[in-house]
Chemist: 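This is the structure I want to talk about, given as structure tokens.
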Amino acid sequence: MSWPTPTASRSGTLLKPDPRALILAVAAWTVLLVLTPAPRALAFGLAAALLLAKALGASWSLLARRCLALNGFLALLFPLMAVESFALSAWPWRLSPERTLLFAAVALRANGILLMAQGLVAAMDLATLGHALVHLRCPPKLAHLMLFSARYLTILQEEWTALYRAARLRGFRMKWGPHTWRTLGALVGGLVLRSLDRAEQILLAMKCRGYQGQFHVLRHFRFSRADIVFGLTWAAVTGMVLVLTYG
Amino acid sequence: MEPLFSLADIVFGYKSGQPVLNGVDLTLTPGERVALTGPNGSGKTTLLHLLVGLIRPQSGVVRAFGRERKTEADFRDVRLRAGLLFEDSDNQLFCATVAEDVAFGPFNLGWARERVADAVTAALKRLDIAHCRDRSPNELSHGEKRLAALATILAMEPAALLLDEPTNGLDDSHRETLVRTLRETECALLIASHDRTFLDKLACRNLHLESGRFKQR
Amino acid sequence: MHISDGILSPPILAGGAVLAAAGVAQGLRKIRDDDIPKTALLTAAFFVTSLVHIPAGPTSVHLLLNGLIGILLGWAAFPALLIGLLFQSLLFGHGGLSVLGVHTATVGIPAVAFGLAWRRWAAAMPPPKAAGLAGLGAGLCVALTALFTATILVFSGSHWLTTAKAFLAAHAVLMAGEAFLTFFAVAFLLRVRPTLLLGEAK
Ligand SMILES: Nc1ncnc2c1ncn2[C@@H]1O[C@H](COP(=O)(O)OP(=O)(O)OP(=O)(O)O)[C@@H](O)[C@H]1O
Ligand SMILES: [Mg+2]
């Protein structure tokens with residue numbers, strides 16, 4: 001398993017906005033789509049989000065993988081929502097046209113938000129995201145908690161893999177049943193214990209360097225011409241969504 | 001010369017079981033280099049942690065930088081003046097980038113931003129890991145992590161370095177860098193290690209810990 | 001299992017965001033400076049365990065563990081969950097950005113309520129009983145999360161009624177599993193580190 005990293009190369013991307021601008025844009029985009037009911041505006045939004053995500057450097061394979069997860073979930077929901085009644089007397093069960101249209105809006109909206117968010121992921125790693133959040137006046141404790149847990153994701157993932165592998169070597173197979181839950185309980189307990197022990201050592205290491213509740217961020221960001229390009233693009237797309245909704 | 005550290009008749013045991021250290025005396029004078037050896041589990045790490053007050057002895061006296069140290073508050077400035085390199089680098093590198101990690105200590109010393117930036121650059125350069133500056137500790141090799149962890153304490157300009165197995169995971173060329181850097185510093189060195197050849201290149205005095213005491217060899 | 005973006009109505013999303021913000025703010029207030037590494041590492045640990053999939057018939061379920069999170073983190077569970085859910089939605093596309101607040105609230109409220117209660121009650125119990133209570137509570141936390149989510153779905157439109165029922169059914173299965181899991185995990189932790197869970201009750 002690999003997590004996005006600070007050095008993820010971003011050469012060959014059209015848009016290189018300041019991370020703060022991108023975070024704000026994604027947040028506003030999410031609100032915009034949530035408040036947009038019209039399917040044609042949502043369809044436009046989806047297409048625009050796809051282009052923006054590409055321009056921000058998202059690869060086709062990344063977008064495909066993320067969309068697959070989401071749309072698998074939506075495919076599961078579709079019959080549940082769009083069939084008016086599952087009563088035996090209503091057999092053969094039929095899709096209701098109004099509900100199908102409603103569902104189309106849901107699917108377009110969900111994909112539109114997801115694609116824009118993946119543009120953000122493609123453009124920055126979790127560390128940059130955390131640093132940008134600090135500069136955006138997110139509560140510092142929250143931002144630093146986020147940075148801190150992002151730092152240890154890989155390590156704890158490895159510790160989990162080691163625990164799990166040890167269980168497998170002793171014949172554990174994941175299948176539904178009390179034995180699985182019991183083993184998983186021990187594994188989760190083991191992971192919690194390791195996390196707490198490590199946290200204790202980390203705190204000691206922090207105290208050794210004079211920790212008294214303060215964190216400082218070295219990285220600063222500066223708005224540049226790229227942000228104007230990005231801002232104008234984003235504003236144009238947003239304007240178009242609004243026109244298609246209310247025009 | 002006034003010693004940086006002196007321990008007198010230290011007894012320490014973890015909650016369960018018998019004492020790990022049982023009557024240990026030690027002095028470390030400015031600029032001195034001491035090797036701390038002993039079998040696994042003999043208490044080397046424990047001793048280093050005692051010196052900076054991460055654990056407290058059941059009996060005995062810890063003196064550091066001219067004063068007896070007993071409470072958490074006593075030890076706060078000891079930790080800023082004596083840099084401890086932890087056995088596991090991952091626990092010492094907790095920030096998002098190497099540069100930020102190296103800057104953490106200097107910022108807590110209250111240095112100005114420019115001075116911190118200079119100290120970061122200098123420390124990374126001294127250890128030949130300037131190229132790791134903006135990378136996440138996650139992406140470093142084992143040896144690079146070791147050196148980055150050392151950089152985090154070197155940047156604070158300590159008077160003493162307490163190093164717990166510093167050569168773990170280092171290849172020959174990084175080991176040379178480490179030897180060179182440690183030779184250049186004027187810090188007192190207390191090095192817990194199993195690496196004989198490394199210790200021979202640096203240390204002048206050897207303390208061998210066995211069954212809770214220092215043994216002559 | 002998470003609800004994706006696009007489903008819930010704006011007032012419900014806003015309500016969830018407000019509740020989550022209040023919980024997170026209180027959580028941040030309760031986290032002392034020295035608790036930051038512990039909170040962060042547990043956040044990462046629970047993110048890792050949430051990726052574990054257990055085969056269940058034709059599909060699979062993944063762990064929620066909000067009972068255990070509440071027990072270990074108390075109020076700090078709110079920020080921990082928010083961060084974990086953010087990572088899930090960014091790194092895997094599970095859940096979604098607009099539902100972050102709702103998810104944090106539906107998962108976090110039972111977690112924190114039960115976690116605080118458990119810490120108080122379990123302090124006076126022998127370990128097996130404390131672990132048993134943890135297991136029961138963990139099952140209850142999953143049930144409450146499912147119930148909240150189903151209710152919210154129905155309030156977002158009557159056309160989500162069948163989905164809400166399916167959601168409840170899926171979680172009934174998970175509920176039993178998590179109750180067992182948490183029982184064993186807490187029993188294990190109380191055995192190897194008796195001070196760990198109960199020492200913090202004070
Ligand atoms: N946190 C702890 N709780 C209980 N016992 C501990 C703890 N840490 C260390 N010990 C025990 O104390 C003894 C000394 O451990 P220490 O880590 O100081 O040894 P060491 O000389 O550094 O060994 P190594 O060469 O393996 O690093 C060991 O027997 C160990 O099991
Ligand atoms: Mg050791």
Side-chain angles (χ1 to χ4, degrees), chain A residues 3-4 26 30 34-35 66-67 69-70 73-74 77 80-81 83 86 99 102 106-107 109-110 113-114 117-118 120-121 126 139 141-142 144-146 148-150 152-153 156-157 160 174-176 178 180-182 184-186 188-193 195-196 198-199 202-203 206 211-213, chain C residues 4-7 10 13 24-25 28 31 33-34 36-45 47-49 52 54-57 63 65 68 72 79-80 82-84 86-87 89-94 96-98 157 159-160 162-163 166 177 180-189 192-193 196:
Chain A
W3 319 102
V26 170
T30 305
V34 163
L35 295 174
R66 296 295 180 270
C67 286
L70 170 66
F73 175 76
L74 290 175
L77 290 199
L80 293 177
M81 188 257 205
V83 173
F86 283 98
R99 287 192 175 193
L102 263 178
V106 164
R109 193 181 295 127
I113 295 176
L114 177 91
Q118 290 309 310
L120 181 138
V121 172
L126 294 178
K141 230 186 229 172
L142 188 62
H144 285 287
L145 269 178
M146 201 204 102
F148 220 124
S149 40
Y152 287 99
L153 281 186
L156 292 185
Q157 174 72 43
W160 173 262
M174 191 91 88
K175 56 178 192 282
W176 198 267
T180 291
W181 293 108
R182 175 189 207 127
L184 283 178
V188 168
L191 187 71
V192 165
L193 206 60
S195 312
L196 291 170
R198 192 179 278 281
I202 294 168
L203 181 64
M206 292 166 75
Y211 173 66
Q212 288 194 33
Chain C
S4 71
D5 281 318
I7 292 174
L13 292 174
V24 169
L28 292 177
I31 298 172
D33 291 342
D34 284 4
I36 287 186
K38 182 182 111 177
T39 313
L41 280 241
L42 286 178
T43 302
F47 173 77
V48 168
T49 57
V52 176
I54 297 119
L63 298 176
L65 292 184
L68 190 57
L72 284 162
L82 175 66
I83 293 167
L86 176 71
F87 286 175
S89 98
L90 289 182
L91 300 179
F92 297 100
H94 295 165
L97 291 181
S98 68
H159 43 276
W160 293 111
T162 319
T163 312
F180 270 110
L181 191 160
T182 307
F183 168 75
F184 287 115
V186 171
F188 168 81
L189 287 170
V192 296
R193 226 28 96 70
L196 183 108

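We use all heavy atoms of the structure for the numbers below, so side chains are in, but hydrogens, waters and symmetry mates are not. What you are looking at is a predicted structure, and each value in this text was computed from that prediction instead of being measured. Convention: sequence-line order gives letters A, B, ...; per-chain numbering from 1.
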Chemist: At a 4.5 Å cut-off on heavy atoms, which part of C:L65 comes close to chain A: side chain, backbone, both, or neither?
Modeler: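 For C:L65, the contact with chain A is made by the side chain alone.
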Chemist: Distance check, rounded to the nearest 0.5 Å: A:L184 atom CG versus C:T49 atom OG1?
Modeler: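 If we round to the nearest 0.5 Å, A:L184:CG and C:T49:OG1 are 10.0 Å apart.
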Chemist: Has the side chain of A:R198 got a donor or acceptor atom that lies under 3.5 Å from a matching backbone atom of C:K38?
Modeler: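 Here the side-chain-to-backbone pair does not exist.
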Chemist: Under the rule for side-chain hydrogen bond (donor to acceptor under 3.5 Å, both in side chains), what residues qualify as partners of C:D33, not counting sequence neighbours?
Modeler: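 Counting only residues at least two positions away or on another chain, C:D33 forms no side-chain hydrogen bond (donor to acceptor under 3.5 Å, both in side chains).
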Chemist: Under 4.5 Å heavy-atom distance to chain A, tell me which part of C:A45 shows up: side chain, backbone, both or neither.
Modeler: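 Both parts, backbone and side chain.
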Chemist: Report which part of C:L13 has an atom under 4.5 Å of a heavy atom belonging to chain A: side chain, backbone, both, or neither.
Modeler: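 Side chain only.
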Chemist: Are A:L196 and C:L41 side-chain neighbours, meaning at least one heavy-atom pair lies under 4.5 Å?
Modeler: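 Counting from C-beta outward, A:L196 and C:L41 never come under 4.5 Å.
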Chemist: Hey, which of A:S195, A:A107, A:G190 has the most heavy atom pairs under 4.5 Å with chain C?
Modeler: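 Among the listed options, the one with the most contacts to chain C is A:S195.
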Chemist: Determine whether A:L77 and C:W160 make a side-chain contact, defined as any pair of heavy atoms from C-beta on separated by less than 4.5 Å.
Modeler: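 In contact.
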Chemist: How long is the straight-line distance from CG of C:L82 back to CE of A:M146, given to the nearest 0.5 Å?
Modeler: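 One gets 10.0 Å once the value is rounded to the nearest 0.5 Å.
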Chemist: Evaluate the side-chain proximity of C:I54 to A:W181: yes if any heavy-atom separation is below 4.5 Å, no if none is.
Modeler: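 A:W181 reaches C:I54 side chain to side chain.
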Chemist: Tell me, for C:V192 versus chain A, whether the close heavy atoms (under 4.5 Å) come from the side chain, the backbone, both or neither.
Modeler: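 C:V192 touches chain A through side-chain heavy atoms alone.
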Chemist: Report the distance from atom CG of A:L102 to atom CD1 of C:I7, rounding to the nearest 0.5 Å.
Modeler: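 One finds 12.0 Å between CG of A:L102 and CD1 of C:I7.
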Chemist: Measure the shortest side-chain to side-chain distance between C:D5 and A:R109 over non-hydrogen atoms and say whether it is less than 4.5 angstrom.
Modeler: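 The answer is no, as the side chains (C-beta and beyond) never meet within the 4.5 Å cut-off.
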Chemist: Where is the tightest heavy-atom contact between A:G189 and C:A185, given as atom of each residue plus distance?
Modeler: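 Shortest heavy-atom separation between A:G189 and C:A185 comes out as N-CB, 4.2 Å.
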Chemist: Select, from A:L120, A:T30, A:L142, A:L191, the one with the greatest count of heavy-atom pairs under 4.5 Å involving chain C.
Modeler: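 Maximum pair count with chain C is reached by A:L142.
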Chemist: With chain A as the partner, which of C:D34, C:L97, C:T39 has the greatest number of non-hydrogen pairs under 4.5 Å?
Modeler: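 Going by pairs under 4.5 Å, I would pick C:D34.
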Chemist: Counting only non-hydrogen atoms closer than 4.5 Å, does C:L90 touch chain A with its backbone (N, CA, C, O), its side chain (CB onward), both, or neither?
Modeler: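 Both parts, backbone and side chain.
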Chemist: Go through the structure and list residues passing ring pair (Phe, Tyr, Trp, His ring centres under 6.0 Å) with C:F188, not counting sequence neighbours.
Modeler: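 Result, ring pair (Phe, Tyr, Trp, His ring centres under 6.0 Å) vs C:F188: none returned.
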Chemist: Once you round to the nearest 0.5 Å, how far does CZ of C:F87 lie from CG of A:L126?
Modeler: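 Going from CZ on C:F87 over to CG on A:L126, the span is 5.0 Å.
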Chemist: Chain A heavy atoms under 4.5 Å from C:L28: which part of the residue, side chain, backbone, both or neither?
Modeler: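 Both parts, backbone and side chain.
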Chemist: Do you know which of C:L63, C:T182, C:V52, C:L68 has the most heavy-atom pairs with chain A at a distance under 4.5 angstrom?
Modeler: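 Counting heavy-atom pairs under 4.5 Å, the top option is C:V52.
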